[in-house]
**Q** 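I'd like to ask some things about the structure below.
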Amino acid sequence: MFKTKISKVLGVVLTAAMVLSMFAVATPVAAANQAWSKISLPGSGATGGYVVSDATNRFTEIGILVWNADKTAVYATATYGGNVCIFKSTDAGRTWKKLTIATTGIIYDLVASPVNANELYYTDGTAIYTTKDGGTTWNQLSSVYQWAIDNAWAIAPLTGTNIIVTLDIGYAGANKYVFAGTATFAGLDVNNGVFMCQETAFGMPWSNLSLNTQRTTAWGSSSVYDVKVDPTDFATKQGIIAVAQSNLGTFISAKYFGNQWDQAALCQDAEVLVDNTTPITNVVHAELWLPSDFNSSLTSGKFQGWLALQTLSNQGDVYLWYGNSNKTIDLNVRGLATATEISDIDGVGGIADAKLIIGGYNNAADLPTIWYSSDRLTFSTNVKRPTGYTGWGPSMAPVTVLAMADYNTSGKALAGTTGVDCGVSYTADFGKTWNTISMMRQSIQSVENIAGSLFVVTNDFIHQSVWRVANGFTERVYSSSLLEPTLSSALFNQLDVAVSPAGDAVFIADLGGVNIWRSLDNGQTFAKQISDITTALGTTIQSWFVSNANTVLVGGSGVVYQTSTNGVLWFARTCAVGTVTSFAVSTDGSTLVAGGSNGSISRSTDGGVTWSAASAVAVSGTSLVTFQNGSNSVVYLTSSNGGVYKYDFAAAAPVWTRIDNTVTGAYAFDSSSYADVDNGVGIFSGIASGGNVLYVLDGSWNNLIRITNAGTNYTAGIIAKPTGATGATKLIGVAAPGANMLYGIFGASLYVYTDKMAVPVTNVQATATTDSVKVTWDALNVDNTGVTVKYFVVVTDATTAYKVAYTVTAADVNQRNGITSLSATFKNDVTGFIVSEDTVYQVSVWAVSPVMSFVGTASVSTQPQPLTYTVNLMPTNGASNVPVNPVFTWDAVSTAVSYDLVLSTDPTFADATKVLATKNLTTNYWAYDGTLSNSASYYWRVRVNTANSTSEWFPAVFTTVKADAAPVEVNNPPDITLEVPQAETPAYIWLIVAVGAVLTIAVIVLIVRTRRVV
C-alpha cells in the first residue's frame, strides 16, 4: 500500500416489477416475476459508485490506497475527469464516494492516523491537510515552508524545489506528531530532509530534524522518499526511519531517543545497493513495510523491514533491511540482474508469518505486475495481472497495493493502476489472479452478449469487458486490454462469451477473428487455444458453440469446424445447411444440431464429427435452434424471417410444424391469436411442470413469445417488452424447475425475466351434488404481491369430452380475463351450463394472466337422482310401533350397483359404539338380524352407489312398538311364625316372683294340713 433491452395486439398484462441490481447483490440473481426488470450495469459517477467511467469523465490513474485505523474504510487518491480526487469506500473498494478537497494538483501522499479511524492526512507537495471526520471536511496544518521562513531556520525548504512527498503520524501520550519528508525528483538538494510538527502544540510548530547534518558523516544534499515512525514503540523510543538518497548513496537511516541519525550503537545507516554491490541513483519513490511485531532492539531479531524502491535508472527492486546492518539485501523479485521497478509493498503479519504483496511493473513491457511472497524472501509473479499501463500522473503511482486485514490467511488484497484501462483490482489468491472491480477507465457503451449464469460482454468502442456475476459480486474477469494494452494495433475484433452446458468451462471468442480462450476456473483465468481455426482450411469466427469443456464448433459455409481437444486439433466437417448460423446441444449432451441460412437443420450424435443429411427447409434466413429441454430429438427453430417451428427427428416421417400463432378455435386458451414471431433473435427451451415451455425473442416487436406445450397442443402467448425498450438482440435462459430465468439484451440495456408460471395449478379439488360442481385450488405463488393472477376453469364430460362449463363467457374467446378467486361453482341451467346427475366430469384449472400456467386437474362425479325417502323408505321417517325385528326397504335405483345402510341409536351417526349395523347391499331391502328394544328410537340411513358416484345419505328415524301386557300370577304366602324376642327382666321383679312362690307354697301346705283327718 501507499501509506497505509407496440406489439400487434396487447401483450399479457404485467402488473408488478421490482428493481434488480444484479451487479450489486448476491448470486442467485433475483428479479420481479412476470415482468422484465432492468439489470443495473456497473455504474459510473456518484450514483453508480464510481465503478466504471462515463463517456466524458474518466479515471486515468489510481494513486494511493490506504486503510483507516480500524480498517472499516479504504481511502484512495485518483485522477477522475482530469482532476485529482480523494475517494472513500466502505465495502472494500467495490464502490466509492468522492470527497470534497481543495487540492487541484498532485497528491503525493495520503496517510491515516494509526489511532483515530476518522483522521487522515494528505499533502499536495507544499501543504498538509487533515480531516478529523472521515473526509467530510479538511483543514490545513501550519505550512512547514512558512514556518521555516518565519522562524529563520538555517536550512529552510525551498517552495517548488523541495516537495513534501511523504508523511507519517506518531503519538507519544497526549502529544501527536506529524512527520514530513521532502525531495527533489531525480535530484538532490541541501534543504531536503525530515521535518516534524507537534500538532497538539500551540501554533503547531515545525522542527527540522537535520537529516543531512546530524550524523557521523554529513550529507551535502539529499531527497527523502519515505518516512516512518517506529510502529510499535514510538512513544518510548521516538524512533524515526527515513529512506533517502544522498550525495553519498541511497540509505535507510534512523534516529532514536532524539539523538542524531546513523548511530552505530542503536541503528546504523544501511545502504541500498543493486545486487548488493552497486550504488542506487535517480530514486523516485520508496515504500518501507515493517512487520506487526517490529522491534528496534538490536538483539530482538525483529529489527527488520522490506523496502520497495522505484528509480529512473532500472535499479528498483525489493530490499531486505536489518536495523543493525550497514547495507540492505537485494531480494531480486524477478531474478538476478533483472531490473524491476517496485512502486508499492504491503503485507500482514509478523516476522515469522508475514505474507507480502508487491506492486510494480516489468521494465521491458511497462505492464503492471504483482508479486507475492509467503516467506518474505522469495517471490512469485501474478498469473493474470491487473489491467492498466505504466506512467506517472497527479496521483503519483504506477501500481499501488493494499492488503486486507486477513491477507495472510485469505489472500485478499486490492491493487490500483494507472494509464490505459486503469482501475482498482481485487485478488483472493494472494495476488496470483486479479479482477477489476471499480474506478475503471473503461465505460459501458453497449451490451454485446450474455452467457451462462452469468457472464456479460460490454463494449466501450475502444476496449471490451467480460463481467462475471457470482457470490453477490460483479467483477470484470477479462478485458481486451489484456490483448493490446496500448491500442497500437488491432489484435481483437469483438469479444464474445459462452459457457459449456455443464458449466465447467467458460470460453471467449474473437468474433471476426480466429482466437478462442478457455477458462476452467469459472472465468478467473483464460488460456488461448494452442491452434486457431485457420488451421482448418482458414476462416474467421462468425457463429460458434461450446458443446462441452473440450468440444467447440465454429460455423462455416456448408461446413462445421470442430475440435474435441480444445483447439489442439481442428477439423472441417461437412454440414449442408448453407452457412451455419447456430448450434444447440441436447440436455443430455448426446446430440448436436446445426441450423443454417437455408432454413434446414442437421444433427450429429458423435460430437460434431459427422452430420446427417439436411432436413427439409423450415424457413430461410438466419436461423436459431434449440432442443426441447430434456429431449435429444425434438428441435425448435426460429429465423430472422420469422416463425417458430418444431421438428422431431424421432418421428416416423419428420416434418416441420409451425407452433407460433397456433389457434384451435373458440376457447383456445391462447393469450393472443397473433402471438407470432416476425424476426427471431433468440430462442430458449425452459423447464416446465405439466408440459414444455419455449421462449422466442422477436427483434421486430421487441417482445417475448411464450409457447406452452402439453401433449400435442401448442399455445402461444405474448410477454410484453420492457417499458420503453427497443432493439432486442439476444436471449439466453437459465432453466429451473418452477422458475425459468431469462436474460435479454434490448439496445444497450440488459433485462431479466423470471417465469414462475410454467407450472400447473396445484391442489385442484372438486365436490358435486346432483346438478352442481364446485372447484377449489391453491394460488400460484409468484412471490410478488403486485401480481394479480387470474384463473380459468373448464368442466368437461369425461365420456363425451364435451366442455359443459367455463368461468368466463363465450365472448372471451381467448380466455384472458379469468377470475381472481380460488374457487368456482357451476350449476345446471345457470348461464347455459349443463351439469347432469350421475355423470363423471374432468375439471381443469390454470392461470391465464399475467401469463398462462399449466393445467391442474381433478375428476368428480355428480350424485345420482335422490331418493324420496318420506314415501319410499320403510320404515318411513318418523314411523312408530315398528316391530323389533324390522325389515328395511327403499326404492330400487336402476343405475345402482349397491346400497349402503347404517342403523344406529345416535342421530348423528358419529358415535361408532352406537352403530348397530353397517351394510353394503345389492338388494333394496334388508331384514334386521337381531331384536330391537321396545319403545325405543332408532336412526337409519341409506345411500345409492352407482358406477360413477355415490348419492348423499337419506336418513330416517322410527320408534319400536310398545311391549304387550303380561298375566298376573298369585301365589299363597308361606306360614308366618311370629317370634317374640325375650326381654331382660329387672332384679326386683325376680324378688317379687320369688316371694309369690313362697307364699303360694305356704298356702298349699296350710290347705293340706287343714284337710287331714286326725
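Starting from 1, each residue takes its place in the sequence as its number. What you see is a predicted model, and the numbers here were worked out from it, not measured in a lab.
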**Q** Between R334 and F379, is NZ or CZ placed under 6.0 angstrom from the six-membered ring centre and within 45° of the ring axis?
**A** no
**Q** Just by distance, no angles: are the side chains of Q524 and N435 close enough, under 3.5 Å, to form a donor-acceptor pair?
**A** yes
**Q** Hey, does the side chain of N295 reach the backbone of S300 with a donor-acceptor pair shorter than 3.5 angstrom?
**A** no
**Q** Do F257 and L266 come close enough that some side-chain heavy atom pair is under 4.5 Å?
**A** yes
**Q** Any salt bridge (Lys or Arg N to Asp or Glu O under 4.0 Å) pairs touching residues 369-388, not counting sequence neighbours?
**A** none
**Q** Tell me, please, which residues at least two apart from S143 pass side chain to side chain donor-acceptor pair (under 3.5 Å).
**A** none
**Q** State, yes or no, whether a side-chain contact exists between D124 and I106 at a heavy-atom distance under 4.5 Å.
**A** no
**Q** Hey, does N382 have a side-chain heavy atom less than 4.5 Å from the side chain of W434?
**A** yes
**Q** Going through the distances and angles, do V84 and T103 end up as a side-chain contact (heavy atoms from CB on, under 4.5 Å)?
**A** CA-CA 7 Å; V84 65; T103 299; 4.2 Å; yes
**Q** Can you tell if the side chain of C85 reaches within under 4.5 Å of the side chain of F87, non-hydrogen atoms only?
**A** yes
**Q** Quick one: ring-ring contact (aromatic ring centres under 6.0 Å, His included) partners of W306, sequence neighbours excluded?
**A** W289
**Q** Would you indicate whether K97, at its atom NZ, is surrounded by more than 12 heavy atoms from other residues, nucleotides or ligands within a distance under 6.0 Å?
**A** no
**Q** Walk me through it: do D421 and R476 pass the test salt bridge (charged side-chain N to carboxylate O under 4.0 Å, His left out)?
**A** CA-CA 12 Å; D421 205 14; R476 188 178 68 179; 3.0 Å; yes
**Q** Would you please name every residue forming a side chain to side chain donor-acceptor pair (under 3.5 Å) with D406, sequence neighbours left out?
**A** S410
**Q** Only one of V272, I280, T311, T281 clears side chain to side chain contact (heavy atoms under 4.5 Å, CB included) with Q245; which?
**A** T281
**Q** Does the side chain of T126 come within less than 4.5 Å of V144's, by heavy atoms?
**A** no
**Q** Taking side chain to side chain donor-acceptor pair (under 3.5 Å) as the definition, give me every residue that meets it alongside D429, ordered by chain and number, with sequence neighbours left out.
**A** T427, T433
**Q** Any luck finding a side-chain donor-acceptor pair between T79 and N83 under 3.5 Å?
**A** no
**Q** Rounded to the nearest 0.5 Å, how far apart are CG of N314 and OG1 of T340?
**A** 9.0 Å
**Q** Kindly indicate whether the side chain of T95, heavy atoms from C-beta on, has any atom under 4.5 Å from the side chain of Y50.
**A** no
**Q** Establish, from distance only, whether the side-chain atoms of S222 and N212 form a donor-acceptor pair under 3.5 Å.
**A** yes
**Q** Give every residue pair that meets the ring-ring contact (aromatic ring centres under 6.0 Å, His included) criterion with at least one member in residues 308-350, sequence neighbours excluded.
**A** F303-W321
**Q** What is the distance from atom CZ of R94 to atom CG of L414, rounded to the nearest 0.5 Å?
**A** 8.5 Å
**Q** Does any N or O in the side chain of N151 come within less than 3.5 Å of the main-chain N or O of W147, such that one atom is a donor and the other an acceptor?
**A** yes
**Q** Might you point out which heavy atoms bring I342 and A308 nearest each other, and give the distance in Å?
**A** CG2-CB, 3.4 Å
**Q** Between Y80 and F59, how do the two ring planes meet: parallel, tilted or perpendicular, split at 30° and 60°?
**A** tilted
**Q** If only side-chain N and O atoms count, and only distance matters, is there a donor-acceptor pair under 3.5 Å linking D133 with N118?
**A** no
**Q** Which heavy atom of P231 sits nearest to which heavy atom of L290, and what is that distance?
**A** CD-CD1, 3.6 Å
**Q** Indicate every side-chain donor-acceptor pair of residues 175-187 with a distance under 3.5 Å to a residue at least two apart or in another chain.
**A**
unit_1: N175; atom_1: OD1; unit_2: Q198; atom_2: NE2; d: 3.3
unit_1: K176; atom_1: NZ; unit_2: E119; atom_2: OE1; d: 3.2
unit_1: K176; atom_1: NZ; unit_2: E119; atom_2: OE2; d: 2.8
unit_1: K176; atom_1: NZ; unit_2: Y121; atom_2: OH; d: 3.4
unit_1: T182; atom_1: OG1; unit_2: N192; atom_2: OD1; d: 3.1
unit_1: T182; atom_1: OG1; unit_2: G193; atom_2: N; d: 3.1
unit_1: T184; atom_1: OG1; unit_2: T161; atom_2: O; d: 3.0
unit_1: T184; atom_1: OG1; unit_2: N192; atom_2: ND2; d: 3.1

**Q** Quick one: CD1 on I358 to CG on D344, what's the gap to the nearest 0.5 Å?
**A** 9.5 Å
**Q** Sequence neighbours excluded, which residues qualify as ring-ring contact (aromatic ring centres under 6.0 Å, His included) partners of F251?
**A** W219
**Q** Any chance the side chains of T277 and D275 put a donor and an acceptor closer than 3.5 Å?
**A** no
**Q** Verify the neighbour count for atom NZ of K237: are there more than 12 heavy atoms of other residues, nucleotides or ligands below 6.0 Å?
**A** yes
**Q** Is there side-chain contact between I370 and V401, with heavy atoms separated by less than 4.5 Å?
**A** yes
**Q** So, for T400 and L65, which heavy atoms are closest and what is the spacing to 0.1 Å?
**A** OG1-N, 3.6 Å
**Q** Quick check: closest heavy atoms across Y75 and W96, and the distance to 0.1 Å?
**A** C-CZ3, 4.3 Å
**Q** Please determine whether a side-chain nitrogen of the Lys or Arg among E61 and R441 lies less than 4.0 Å from a carboxylate oxygen of the Asp or Glu.
**A** no
**Q** Grab the two heavy atoms, one from Q268 and one from N324, that are nearest each other, plus how far apart they are.
**A** NE2-O, 3.0 Å
**Q** Are L309 and E287 close enough, and set up right, to give a side-chain contact (heavy atoms from CB on, under 4.5 Å), and what steps lead you there?
**A** CA-CA 7 Å; L309 198 66; E287 289 291 334; over 6 Å; no
**Q** Got N68 and D70 here, is their nearest side-chain heavy-atom distance under 4.5 Å?
**A** yes
**Q** Just by distance, no angles: are the side chains of S142 and W206 close enough, under 3.5 Å, to form a donor-acceptor pair?
**A** yes
**Q** Taking G349's backbone N and O only, do any of them form a donor-acceptor pair with S292's side chain (distance below 3.5 Å, no angle check)?
**A** yes
**Q** Sub-3.5 Å donor-acceptor pair from the side chain of T236 to the main-chain atoms of D233, do we have one?
**A** no
**Q** Quick one: closest heavy-atom pair of D109 and I64, and the distance?
**A** CA-CD1, 3.6 Å
**Q** Any salt bridge (Lys or Arg N to Asp or Glu O under 4.0 Å) pairs touching residues 298-326, not counting sequence neighbours?
**A** D293-K302
**Q** Applying side-chain contact (heavy atoms from CB on, under 4.5 Å), run through Q310 and S343 and close with a yes or a no.
**A** CA-CA 6 Å; Q310 184 172 4; S343 56; 3.1 Å; yes
**Q** Among all residues two or more places apart in sequence or in another chain, which pass the ring-ring contact (aromatic ring centres under 6.0 Å, His included) test with Y407?
**A** F430
**Q** Are T130 and Y122 linked by a side-chain donor-acceptor pair shorter than 3.5 Å?
**A** no
**Q** Evaluate the criterion side-chain contact (heavy atoms from CB on, under 4.5 Å) for residue pair V274 and D330; output intermediate values, then yes/no.
**A** CA-CA 6 Å; V274 177; D330 189 345; 4.3 Å; yes
**Q** Is atom NZ of K98 surrounded by more than 12 heavy atoms (other residues, nucleotides or ligands) closer than 6.0 Å?
**A** no
**Q** Taking only residues two or more places apart in sequence, or in another chain, which ones meet Y256 in a ring-ring contact (aromatic ring centres under 6.0 Å, His included)?
**A** none
**Q** For residues 200-224, which residue pairs qualify under salt bridge (Lys or Arg N to Asp or Glu O under 4.0 Å), counting only residues two or more places apart or in two chains?
**A** R215-D269
